[in-house]
Structure formats: structure tokens, C-alpha cells
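The structure under discussion appears below in the form of C-alpha cells.
Keep in mind that the numbers below use all heavy atoms, side chains included, and drop hydrogens, waters and symmetry copies.
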Amino acid sequence: MLPFALATLSTCLQAMPSPVPPPAVTEVTSSQLPTEAQPAPEAPPTEQAAPAPSEPPAAEAPLPEEGPKQRATVVRGTRPAQSASEVTIGRDILDTAPRRNAVDVLRVVPGLVASQHSGEGKAQQLFLRGFDALHGQDVELNVGGLPVNEVSHIHALGYADTNFVIPELVHSLEVTEGSYRAFQGDFAVAGTVRMELGARDPGVEFAGTLGQFGQRRLVVTVRPGEDPGTFAAAEFGESNGFGPQRGHGRASLLAQANVHLGNGLSARVLAGSYVTRFDSPGVVREDDLEAGRRTFYSGSFPRQGGTVSRHQLLLGVELPREGTARTRLEAFGILSDLRLRNNFTGYRVDDRGDGLEQTNGGSTLGLRAEHRRQVSLWGHPVSLELGLGARRDGIQQTQRRYRETDGTFFADEVDANITQTDVWGYAEARLPLGRWAFRLGGRADALGVEVFDALAFRDPRFYDGQGYSRSAFGVHWGAKAGVEYALTDTWALFASYGDGFRSPQARSLSEAERAPFVNVHGAELGTRREGERLSFQASLFGSQVADDFFFDHTVGTTVFTGETLRTGVSAALQTRPLPGLTAALSATVAHATVTKTDALLPYFAPLVARADLGWERPLSGLGAVLSLGTGLTLIGPRPLPYDEFSHTVFLADAQVALRRGAFALRLDVMNLLNTRWRDGEFVYSSRFDPSTPPSLVPARHFTAGSPRTAALTLEVHL
């Protein structure tokens with residue numbers, strides 16, 4: 001159906017006035033270039049143009065070669081930026097600071113806070129542009145074309161677990177903050193982050209790590225040829241953790257192949273499997289810490305933690321080009337399972353304990369098609385981008401309460417089967433007129449939901465003695481628009497507008513209800529400068545959300561707030577001022593309030609600043625390369641419930657590496673200053689001692705961040 005629709009569309013567009021040839025988008029290796037066109041050896045790899053965020057590299061020419069070895073280089077023509085807040089973060093920046101896992105990779109995104117406050121196997125809590133995105137409900141995440149956010153998840157809406165990602169394979173991050181582009185879909189409220197994958201060097205690489213607290217890790221990567229996009233890698237890791245109930249073990253496999261089938265036809269296959277078992281420490285009450293009843297790194301209850309598995313496959317085909325037209329078809333499937341046990345309130349609700357065990361099994365099948373071409377409109381070139389897609393999710397979920405004394409269950413709260421289908425289409429056109437350029441687009445998402453709930457909502461009109469069945473349907477219409485003005489060849493001004501949305505939790509819908517979407521209307525004014533040695537972006541942004549809510553996942557309470565407003569300013573800079581020196585700096589200041597009362601929304605991050613600095617120097621006398629790097633993070637006080645604020649967080653990570661021939665030795669130090677910091681802070685009522693009388697008086701709680709941790713890695717390249 002999708003190929004037929006695209007073929008029909010292509011035929012219609014070909015009937016329009018003669019297309020204008022596109023700007024230079026040739027892709028050739030350095031061996032095909034004339035001698036005078038060869039790229040300078042000292043040019044930083046990321047200075048070569050990366051694909052735009054809406055165009056992940058799939059079955060295309062190889063990615064730029066990186067590292068001290070000089071091999072075939074790919075030269076790509078640049079596409080104009082579509083908004084001020086789009087940024088590409090290349091591998092040279094990702095390599096400046098320690099990246100042990102997906103949390104460390106995400107921390108380099110301008111303005112984003114990734115908090116891992118409940119064990120090494122649980123999805124991170126995300127904060128971006130004034131949004132507390134919980135575990136993904138307001139940030140759309142994508143890895144190599146595979147969607148990460150899970151719809152109607154039992155633990156958190158939009159649950160996005162990126163722990164299956166092997167950080168050594170992240171070639172670049174394509175970040176689109178805001179909701180201004182037509183390709184952005186469900187959960188793209190605060191923005192979209194895409195991880196593009198690629199192996200660093202040809203051959204076989206072994207990387208073994210030993211570190212404090214029983215940390216052991218082995219990564220094996222195989223890249224059979226010159227194409228970084230064709231690889232296979234496996235990761236095995238385990239640790240005892242830096243305190244009680246923080247141990248974990250995991251294994252991950254990721255493999256991708258780009259295949260040229262001839263006659264302009266190419267294909268891409270991406271597959272992966274991941275499994276983990278992890279413990280969770282729970283929380284510590286501040287008054288227990290002050291009274292000496294708990295230490296800073298204490299755990300609350302011993303049975304917290306969980307298991308996760310994820311298996312995924314993507315098949316993509318890029319059809320032969322016809323003039324300026326490019327068409328890509330992709331199909332993907334994902335199987336995921338989660339079993340999670342948490343108790344954040346002790347015995348506040350029940351004398352047997354408030355522990356919850358949640359399970360969520362999901363299966364996802366999806367198709368999408370993208371078509372790009374240039375046409376001529378009134379003698380002016382117009383770039384068109386069209387997309388169609390569908391995604392079907394099947395979900396089985398349960399929630400049960402267990403006794404703290406022996407772990408046995410005493411109450412069933414959720415037992416549901418859900419089928420959720422999203423069908424979408426979008427179109428976006430860009431028309432340049434001299435120094436001006438205008439962008440106009442739109443997107444429609446149709447959502448259908450079927451729910452069989454065996455326990456909840458036992459309404460006699462629908463309850464049949466076995467469960468409660470219901471269905472809902474709705475359509476979200478979103479407009480996208482932008483205006484650009486080029487001050488110079490490298491400096492431009494932007495104004496952008498876009499509607500975003502967040503799909504609902506299916507179990508909250510009633511029979512025949514129009515599936516409600518959380519709607520966001522976002523706008524941005526900004527500027528950006530592109531250059532070989534310096535690129536800079538700055539923007540003023542605002543987002544209005546109708547019928548908003550925040551979810552306190554520690555106590556399982558959803559608070560509906562009505563209309564909310566986020567405003568702020570952000571800036572990001574990437575520079576390579578001297579050979580071997582790389583720096584990426586960013587800062588975001590945000591303000592989030594309830595429109596009706598002007599009260600601050602809890603948990604959002606008002607101030608986030610990040611600096612990644614790296615320096616590399618050849619040691620000619622030793623025939624080696626020395627590299628130094630650091631990552632600095634500043635998070636300002638976050639508002640908490642009951643007019644309280646969290647502590648300020650400042651963290652410094654560092655690494656030093658020496659490479660000589662086929663061997664490399666690297667020392668990574670996280671939290672170099674050994675700061676005693678709180679990864680998560682909350683305010684709510686709890687009772688952890690069952691002998692004390694119950695109380696609803698709120699108290700401060702926290703989960704401890706990691707102390708200084710050092711790890712030594714030996715790499716062998718064959």
C-alpha cells in the first residue's frame with residue numbers, strides 16, 4: 001500500500017513544471033575527488049556535513065572516518081538548517097568525556113538532564129526545556145531508526161529505555177528541540193533525539209574495563225570494511241554498585257549492515273537483543289539521614305529492582321533515485337519485557353507494605369515511508385518532504401502489591417491487555433526566496449485503542465463478569481511553519497512554530513471516548529551560525545500545553561493542572577579553535593508555570609549547563625597519541641512540591657587516554673571532585689518504620705548519586 005501511494009505521488013509530482021536541480025548533495029569518497037578537492041587531513045571529522053535530523057543515514061555512502069587513522073572520507077553536501085534549535089553532536093564531542101552508558105551519551109544534549117535514580121536497568125528520568133518528561137513522555141527518542149518510547153506503559157507514559165545502546169556505537173546525536181518539524185511524532189513535546197550508529201574503526205576491537213565497586217565490562221566490535229554503518233558489537237557488563245542494592249548485570253548485541261543491491265537500490269538491516277537484571281536502592285528520607293538512622297548511600301528495602309529484555313529488527317530499502325526524488329521504505333519490529341519492583345513509601349498505605357510489582361510486555365510492528373524531491377513552483381525551487389507510517393502496539397501489563405516480609409502478593413490492581421494503533425502522514429515544503437526561506441508543513445495522527453481490563457472500572461453497563469472492554473479513537477492535527485532570513489552565508493535568523501502531542505494512557509479512556517491528546521503549541525525565535533571552526537545557536541522558546549498533568553511516580557498519583565506554560569532561552573556552541581582541541585558548551589534557562597495560578601510546576605530543571613572539552617596531541621617521540629577530556633554539568637535548584645527546592649548539582653568527569661599502534665589505555669573518572677549529590681529529590685509522605693504511627697505529613701526524600709568512581713579500559717585493535 002505504501003509503495004503504491006508513493007509511486008502515485010511521484011508520478012503526479014513529475015507532471016509539474018521542470019524540477020530545479022538540487023543544491024550540491026553529491027556523496028563521493030575522497031578517492032573519487034580531484035587532487036585539489038581532497039579534504040585537509042587536519043579537518044575535524046564532524047565538520048563534514050551530517051544528514052539533517054529528518055534524514056538518518058541508511059544504506060548511504062559510508063560515514064566520515066574518525067580517529068588518528070586516515071582512510072576513505074565521505075563528503076556530503078549540506079542541507080539548510082530548518083530551525084535554530086537543531087544541532088548535530090558528532091563523535092569527536094562524544095569522545096571528549098567518559099560515556100559508560102546511554103545516560104552519559106544523553107547528557108551532552110543541550111539543556112537535557114538524564115537522571116538514573118532507580119537502578120542501572122531502569123529508563124532514565126528526562127528533563128528538557130522546562131518539561132519533566134518522566135521516563136520519556138515529552139521527549140521522542142530514536143536509535144538508528146528504531147523508536148524507543150513505549151505507548152501506554154504501566155510504569156510511565158512514553159517509557160523510553162535506552163540502556164540497550166552500546167555507547168561506543170553512537171556515531172552522532174541528531175537533536176531537534178521543540179516540536180517544529182513535521183517528522184516529529186508522538187511524545188515530541190519538548191524535542192526529539194536521534195542516535196545514529198556507526199563503528200569507529202575497521203577490523204576487530206576488544207575493550208575490557210575494570211573499575212571500582214566490582215565493575216567489569218567487555219565490548220567486542222567487528223567492522224568488516226570501510227563503511228562505519230556495517231558492524232556487529234556485543235557488550236557484557238556487571239557491577240556490585242556503589243552502595244547497597246545497586247548491583248546489575250547486562251548483555252547487549254547490536255548489528256547493522258548496509259548493502260548496495262545494484263542499479264541504485266540499497267538496503268539496511270539493524271538487529272539487536274538486550275537483557276539485564278538490576279537492583280534498586282529506593283529512597284532515603286532526609287530526616288532519617290540527619291538523625292543517623294540511615295547513611296547517605298543506604299537502601300530502603302531489599303526486594304527492589306527488576307529485569308528487562310528487548311529484541312528488535314529493522315529492515316529498510318532505499319529505492320533508486322529518479323532525478324531529485326529519493327524514497328525510503330522501512331519496517332520494524334520490537335519485543336520488550338519489564339518486571340519492576342519498587343517501594344517508595346514504605347508502609348504508608350498498608351501495614352503489609354506498599355511495594356508494587358509491575359510487569360509490561362510489549363510487541364511493536366511498524367511501517368514507514370519517506371519521500372523527498374525538489375519541484376519548481378512559479379520558477380522557484382521547492383524542497384518537499386513527505387511521510388506515511390503506521391505502528392501497532394500490543395501490550396500486556398499487570399500491577400500487584402507484595403508483602404515486605406516475604407515478597408508474596410496480596411492484592412491485584414491492574415491486569416490489562418491493550419492494542420494501540422497509530423497511523424500518520426505528514427508533509428513539509430521549503431521555499432527559498434533570495435535571503436528569505438519559508439517552511440510550511442502539517443501532520444495528522446489517527447489513534448485507535450482497544451482495552452480489555454480484567455480488574456478496573458467494573459461499570460455494570462460494560463462489565464461482563466470477566467473484565468471491562470472498551471475502545472476509543474481520535475485524530476490529532478498539527479501545523480508546522482518556519483521563516484528564515486540569511487544575514488550572511490553562515491549566519492541566519494529563524495522563527496518557528498509547531499504543534500506537538502502526547503498520546504494518552506489507554507487504561508484511562510472510557511468506552512467510545514475520543515482519544516484525548518495532550519496538545520502543545522510551541523514557538524521559537526533564534527539564530528545560528530555555521531562554520532568550520534565555530535558553530536553557534538541561540539533561541540527564545542515558549543510552549544503552551546492544554547490540559548496538562550504531572551505524574552508523581554513515587555506515589556503513583558497523577559495531578560491534573562490544566563493549561564501550563566514553559567518559556568526560556570537556550571544557547572549552544574561547538575568550536576575547534578586549534579588542531580586537536582574540541583569544545584561543546586550549552587546552557588538552558590527555563591520557567592514552567594500553571595497558567596491559572598502562576599504556580600511553578602514541580603521537578604522541572606530551571607537551569608542546565610554543560611561543557612565537554614577534549615584535547616588530543618601526538619607524541620612523536622613515542623609514536624603515540626595522548627588525549628585528555630572532561631565533561632562538566634551544572635543543574636540549578638529544581639522546584640519540588642510544597643514550595644521546596646532541590647539542591648544544586650555540579651559534576652566533573654574526566655578521562656585520559658594513550659594510544660599507540662593497536663593498543664590504547666584509558667582512565668575514566670566519574671564525579672572527579674567526589675561530590676555528594678542527589679540524583680533525584682522528592683517531597684511526599686511516607687512511613688518506613690511500621691512501628692511508628694501513620695502520617696500524611698510530607699517529607700523530603702532522595703536517591704544518592706554515584707561517588708567518585710574510576711575505571712581503567714584496555715583497547716586492542718586488530
State which residue, out of His371, Glu318, Glu370, fulfils the side chain to side chain donor-acceptor pair (under 3.5 Å) condition with Arg326.
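Going through His371, Glu318, Glu370 one by one, the side chain to side chain donor-acceptor pair (under 3.5 Å) with Arg326 is satisfied by Glu318 alone.
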Side chain to side chain donor-acceptor pair (under 3.5 Å), paired with Asn163, selected from Lys122, Gln124, Arg310, Glu120
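For Asn163, the side chain to side chain donor-acceptor pair (under 3.5 Å) test succeeds with only one of Lys122, Gln124, Arg310, Glu120, which is Gln124.
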[X] side chain to [Y] main-chain N or O, any donor-acceptor pair under 3.5 Å?
{"X": "Ser496", "Y": "Ala523", "answer": "no"}
{"X": "Tyr159", "Y": "Gln137", "answer": "no"}
{"X": "Asp422", "Y": "Asp445", "answer": "no"}
{"X": "Asp186", "Y": "Ser503", "answer": "yes"}
{"X": "Ser280", "Y": "Gln304", "answer": "no"}
{"X": "Ser115", "Y": "Asp679", "answer": "yes"}
{"X": "Asn101", "Y": "Asp104", "answer": "yes"}

Under a 4.0 Å N-O cut-off, is there an ion pair linking [X] with [Y]?
{"X": "Arg566", "Y": "Glu524", "result": "no"}
{"X": "Arg443", "Y": "Glu428", "result": "no"}
{"X": "Asp132", "Y": "Arg638", "result": "no"}
{"X": "Arg400", "Y": "Glu413", "result": "no"}
{"X": "Glu196", "Y": "Arg91", "result": "no"}
{"X": "Asp612", "Y": "Arg99", "result": "yes"}

I need the full list of salt bridge (Lys or Arg N to Asp or Glu O under 4.0 Å) pairs touching residues 134-155, with sequence neighbours left out, sorted by first then second residue.
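Pairs touching residues 134-155 that pass the test: Asp138-Arg502.
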Test side-chain contact (heavy atoms from CB on, under 4.5 Å) applied to Asn519 and His476, step by step
CA-CA 8 Å; Asn519 297 292; His476 178 270; 2.7 Å; yes
Looking only at the side chains, is there a donor atom on one of [X] and [Y] sitting less than 3.5 Å from an acceptor on the other?
{"X": "Thr398", "Y": "Asp415", "value": "no"}
{"X": "Ser152", "Y": "Gln420", "value": "yes"}
{"X": "Thr88", "Y": "Glu174", "value": "yes"}
{"X": "Glu563", "Y": "Thr595", "value": "yes"}
{"X": "Arg610", "Y": "Thr633", "value": "yes"}
{"X": "Gln505", "Y": "Ser508", "value": "no"}
{"X": "Asn417", "Y": "Gln396", "value": "no"}
{"X": "Thr567", "Y": "His591", "value": "no"}
{"X": "Gln256", "Y": "Arg268", "value": "yes"}
{"X": "Asp499", "Y": "His521", "value": "yes"}
{"X": "Thr176", "Y": "Thr192", "value": "no"}
{"X": "Ser539", "Y": "Ser570", "value": "yes"}

Once rounded to the nearest 0.5 Å, what's the spacing between atom [atom1] of [X] and atom [atom2] of [Y]?
{"X": "Asn360", "Y": "Ser336", "atom1": "CG", "atom2": "OG", "value": "6.5 Å"}
{"X": "Phe131", "Y": "Leu112", "atom1": "CZ", "atom2": "CG", "value": "13.0 Å"}
{"X": "Ser252", "Y": "Ile166", "atom1": "OG", "atom2": "CD1", "value": "4.5 Å"}
{"X": "Phe452", "Y": "Ser471", "atom1": "CZ", "atom2": "OG", "value": "14.0 Å"}
{"X": "Thr588", "Y": "Phe541", "atom1": "OG1", "atom2": "CZ", "value": "6.0 Å"}
{"X": "Phe682", "Y": "Thr703", "atom1": "CZ", "atom2": "OG1", "value": "5.0 Å"}

Glu385: which of Arg439, Arg328, Arg181 passes salt bridge (charged side-chain N to carboxylate O under 4.0 Å, His left out)
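Exactly one option meets the salt bridge (charged side-chain N to carboxylate O under 4.0 Å, His left out) with Glu385, and it is Arg181.
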Taking all heavy atoms of [X] and all of [Y], pick out the closest pair and write down the distance.
{"X": "Thr307", "Y": "Phe278", "answer": "N-CE2, 4.0 Å"}
{"X": "Asp453", "Y": "Arg470", "answer": "CB-NH1, 3.5 Å"}
{"X": "Gly121", "Y": "Val308", "answer": "O-CG2, 3.8 Å"}
{"X": "Gly474", "Y": "Phe517", "answer": "C-CE1, 3.7 Å"}
{"X": "Arg129", "Y": "Ala590", "answer": "C-CB, 4.1 Å"}
{"X": "Pro147", "Y": "Arg391", "answer": "CB-NH1, 3.6 Å"}

With side chains defined as the heavy atoms from C-beta onward, is the minimum distance between [X] and [Y] less than 4.5 Å?
{"X": "His311", "Y": "Ile334", "value": "no"}
{"X": "Phe604", "Y": "Pro639", "value": "yes"}
{"X": "Leu106", "Y": "Val193", "value": "yes"}
{"X": "Leu601", "Y": "Thr593", "value": "no"}
{"X": "Phe332", "Y": "Thr364", "value": "yes"}
{"X": "Val151", "Y": "Ile395", "value": "yes"}
{"X": "Leu126", "Y": "His135", "value": "no"}
{"X": "Arg194", "Y": "Leu173", "value": "no"}

Determine, stepwise, if the pair Phe183 / Tyr426 fulfils side-chain contact (heavy atoms from CB on, under 4.5 Å).
CA-CA 7 Å; Phe183 71 85; Tyr426 65 84; 3.9 Å; yes
Please assess Phe501 against Phe187 for the test side-chain contact (heavy atoms from CB on, under 4.5 Å), listing each intermediate value before the final yes or no.
CA-CA 6 Å; Phe501 73 96; Phe187 308 115; over 6 Å; no
For Gln397, the option from Gln358, Arg507, His155 that meets side chain to side chain contact (heavy atoms under 4.5 Å, CB included)
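Passing option: Arg507.
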Tell me which one of Val189, Leu565, Thr564 satisfies side chain to side chain contact (heavy atoms under 4.5 Å, CB included) with Asp548.
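Running side chain to side chain contact (heavy atoms under 4.5 Å, CB included) over Val189, Leu565, Thr564 with Asp548 returns exactly one hit, Thr564.
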Determine whether Ser85 and Phe494 satisfy the following criterion, side-chain contact (heavy atoms from CB on, under 4.5 Å), listing intermediate values before the conclusion.
CA-CA 9 Å; Ser85 55; Phe494 294 82; over 6 Å; no
